[in-house]
Number of protein chains: 2
Amino acid sequence: MTRQARSDNTRERVLDAALALFDETSSVEVPVKLLGERSGVSVGSIYHHFGSVSGVAAALYSHCMGALLDHLLESIAGAERLEAVIEKIVRSYLSWTKRNAVKARFIHASAFAPFIGEYRAEIEKEKSDRMERLAALLHSHVGGGRVKELPFFVHEVLIIGPVAEAARRWLSGGSDADLSAAQKHLPPRILESIRGAR
Amino acid sequence: MTRQARSDNTRERVLDAALALFDETSSVEVPVKLLGERSGVSVGSIYHHFGSVSGVAAALYSHCMGALLDHLLESIAGAERLEAVIEKIVRSYLSWTKRNAVKARFIHASAFAPFIGEYRAEIEKEKSDRMERLAALLHSHVGGGRVKELPFFVHEVLIIGPVAEAARRWLSGGSDADLSAAQKHLPPRILESIRGAR
DNA sequence: TGTACATCAGTGAACGCGCGTTCACTGATGTAC
DNA sequence: TGTACATCAGTGAACGCGCGTTCACTGATGTAC
């Protein structure tokens, strides 16, 4: 096995174990000894690769967020009309959340965790170009009178807000959170919210 | 001083210190010794009142969430028309967030924290009647053709989603999050998203 | 192809500090008569 | 109004366990000649 492959394999096993332990404990940072037992990787090796316990959490966060963003980008790659873009964003965000509930939980649970601050630079580096591609894609559909002129920030929260809120409620074991209903009804409603005056 | 007053005063000092320490460390659960030093309350007394470290976090969460919900309820108390209700929800949610940024951060940071699970029952008890009053208020405006018929869950995420997302981005030190723009533009846009077909 | 060396990956025992929690106790408020 | 007792609020030293991190080391892969 090549060095790179060995390394990647080890990192993967550690991140898998970290995710499993998060699922069991709801803690985004897990005891390194436990992590070692579960992953079959020695404590020293975990430090060799991640530097610290929060380093593991930061890497896992980057991994999960990357997976979600890649899924979104792939999904809307072919879409041309605004209707299709919105529809695909909602559908892929929610279906990814459903199929990757633990990773999705990890993302939402980490949003305000201390390690996000510590590792802001590294995380941003991983995230930024995908976020920019997403933003550019949205931006390209704004204008021409079909979409109301608003600060881009307002467009973002109108589009992502309802979807993220639905996901969060479902992930919190939400009483009556119904992702199928959201998937069905949100796209046309979000479209209405950003449409220009006719 | 009466027993109740003494008790309340102690609890308040502890919760104040816990919030200040959260502001400094971003940790929702803080070392009890530190908490004692900052609040001027002994470790034993903290345990007497809160039972555990997560107990303090749970109490602080209930306190912050209660303050936000009370502010929302008060704000929309007099509103009669749907337009006014939406407008007031957005305005009061965002202005409360701005004026109580640390408490707001604590709320969002706690949403997926382990102690939420441990203390679910106690937290729900505090929260539920206010949530129900809010829900009832929203429900009362749905119907009569002015608002599109949708599962209530969908209405909720359409109304709260964009507002909460704007708040979260601003609280995360969000690059270009502009709460004033949100306060100005969100209400009519949210209204459009839930309006019935004309 | 082979040898010598460099670099990276992986190990796990050892350290020591900080943490959450307990507990026997004192002090203050409330209650009964 | 006063006394005796009960209940609750508050104290802080002591405990011991679990935690994150380090480090001297071995083993595997890569590189130079």
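Numbers restart at 1 for each chain; the letters A, B, ... are given by sequence-line order, proteins then strands.
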Rounded to whole Å, CG of B/L35 lies from C1' of D/dG10 at a distance of 15 Å

Whole Å only: how far is the CZ atom of A/R3 from the C1' atom of C/dC8? 4 Å

What integer distance in Å separates B/Y47:OH from C/dA24:P? 17 Å

Between A/K88 and A/E74, is there a salt bridge with N-O shorter than 4.0 Å? no

Salt bridge flag under 4.0 Å for residues A/E24 and A/R38: yes

For the pair made of CZ in A/F50 and C1' in D/dT22, what is the distance, rounded to whole Å? 18 Å

Sugar-phosphate, base or nothing in reach of A/V43, heavy atoms under 4.0 Å: base

Mind calculating the distance between CZ (A/R6) and C1' (D/dT26) to the nearest angstrom? 11 Å

Below the 4.0 Å mark, does D/dC8 have OP1 or OP2 next to a side-chain nitrogen or oxygen of B/S7? no

D/dG10 phosphate, OP1 or OP2: any side-chain N/O from B/H48 under 4.0 angstrom? no

Between B/Q4 (CD) and D/dG10 (P), how many Å, whole number? 12 Å

Ion pair A/R195/A/E192, N-O distance below 4.0 Å: yes

What's the NZ-C1' distance between B/K33 and D/dT11, to the nearest Å? 15 Å

Any-strand Watson-Crick or G-U partner of C/dT26, both distances under 3.5 Å: D/dA9

When B/G44 and B/V30 are each assigned the nearest nucleotide of DNA chain C, the 5'-most assignment goes to B/V30

Distance test, side-chain N/O of B/H49 to OP1/OP2 of D/dG10, below 4.0 Å: yes

Let's test this: given Watson-Crick or G-U wobble pairing with both distances under 3.5 Å, identify the partner of D/dC33. C/dG2

Write down the partner of C/dC17 under the Watson-Crick or G-U wobble criteria, each distance required to be under 3.5 Å. D/dG18

Side-chain H-bond candidate by donor/acceptor type, A/Y119 with A/S52, under 3.5 Å: yes

Once you apply a heavy-atom cut-off of 4.0 Å, does B/V53 come out as touching a base, just sugar-phosphate, or nothing? sugar-phosphate

Quick one: B/F115 CZ to C/dG20 P, roughly how many Å, whole number? 14 Å

Classify the angle between the aromatic ring planes of B/F115 and B/Y61 as parallel (below 30°), tilted (30 to 60°) or perpendicular (above 60°). perpendicular

